[in-house]
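Single-structure report; data block below.
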Amino acid sequence: MKKCVISEIELRLEIGGCLTMYSNLFEAWWPIILAGVITASSVVILARYIRRTILYLLTTIVSLISFIILILSIFTIGEWAGMGIGMFAISILLGVNIGALCSFLVKQK
């Protein structure tokens, strides 16, 4: 039986390579995540200042628009560009719906 011996330097290089890979992955997803967070927080802020019926109308319209953009990005644009636009649409769709769910906790002025 052969023993696999890895030196400490090789192990550190291997771990550093993994961390670099994940940091690059995070850099690529950062704008998409930020779009969803900004959308959700703006819906929660709007919930404080406008009536609920107007808020739900706005969230429904934005959800419908982002769903249409998602469908169009899949079928008309396609390839990698369509996937990127589709991921933005999914992020905004999730942000709007999470913001609408969290708006129940916000008291109006």
**Prompt:** Quick check: does any side chain N or O of Arg48 sit under 3.5 Å from a backbone N or O of Ser103, one acting as donor and the other as acceptor?
**Reply:** no

**Complete:** Smallest heavy-atom separation, Val43 atom then Ala100 atom, equals CG1-N, 3.7 Å

**Asked** In the single-linkage hydrophobic clustering (I, L, V, M, F, W, Y; side-chain heavy atoms under 4.5 Å), do Ile98 and Leu105 co-cluster?
**Response** no

**Request:** For residues Phe88 and Ser73, determine if any side-chain heavy atom of one lies less than 4.5 Å from a side-chain heavy atom of the other.
**Result:** no

**Asked** Do you reckon Ile32 sits in the same ILVMFWY cluster as Leu70, going by side-chain contacts under 4.5 Å, direct or chained?
**Response** yes

**Prompt:** Can you list the other members of the hydrophobic cluster that holds Val44, where links are side-chain heavy atoms under 4.5 angstrom apart?
**Reply:** Val106

**Item:** Euclidean distance, Leu58 CG relative to Thr53 OG1, rounded to 0.5 Å
**Value:** 9.5 Å

**Request:** For a side chain to side chain contact (heavy atoms under 4.5 Å, CB included) with Asn97, tell me which candidate from Leu93, Leu101, Leu94 qualifies.
**Result:** Leu93

**Same apolar cluster: Ile33 and Met87, side chain cutoff 4.5 Å** = yes

**Message:** Take a 6.0 Å sphere around CZ of Phe67 and say whether it holds more than 12 heavy atoms from other residues, nucleotides or ligands.
**Reply:** no

**Prompt:** What residues join Ile77 in its hydrophobic cluster, counting side-chain heavy atom gaps under 4.5 Å, either direct or through other members?
**Reply:** Leu57, Ile61, Ile65, Ile69, Ile85

**Item:** Rounded distance [0.5 Å steps], CD1 in Ile45 versus CD1 in Ile50
**Value:** 12.0 Å

**Fill in**
Using a 4.5 Å side-chain heavy-atom cut-off and chaining through intermediate ILVMFWY residues, the residues clustered with Leu64 come out as Ile68, Leu72

**Message:** Give me the atom names and distance for the closest heavy-atom approach of Ala35 to Ser91.
**Reply:** C-OG, 3.9 Å

**Complete:** Rounded to the nearest 0.5 angstrom, the CZ-CZ distance for Arg52 and Phe104 is 7.5 Å

**Request:** Without swapping roles, check the side chain of Ser63 against the backbone of Thr60 for a donor-acceptor pair under 3.5 Å.
**Result:** no

**Message:** Is it the case that the side chain of Thr39 and the backbone of Gly95 share a donor-acceptor pair, with hydrogens and angles ignored and the cut-off at 3.5 Å?
**Reply:** no

**Asked** Are Ile74 and Ile90 joined in one hydrophobic group, where the rule is that I, L, V, M, F, W and Y side chains link up if heavy atoms are under 4.5 Å apart?
**Response** yes

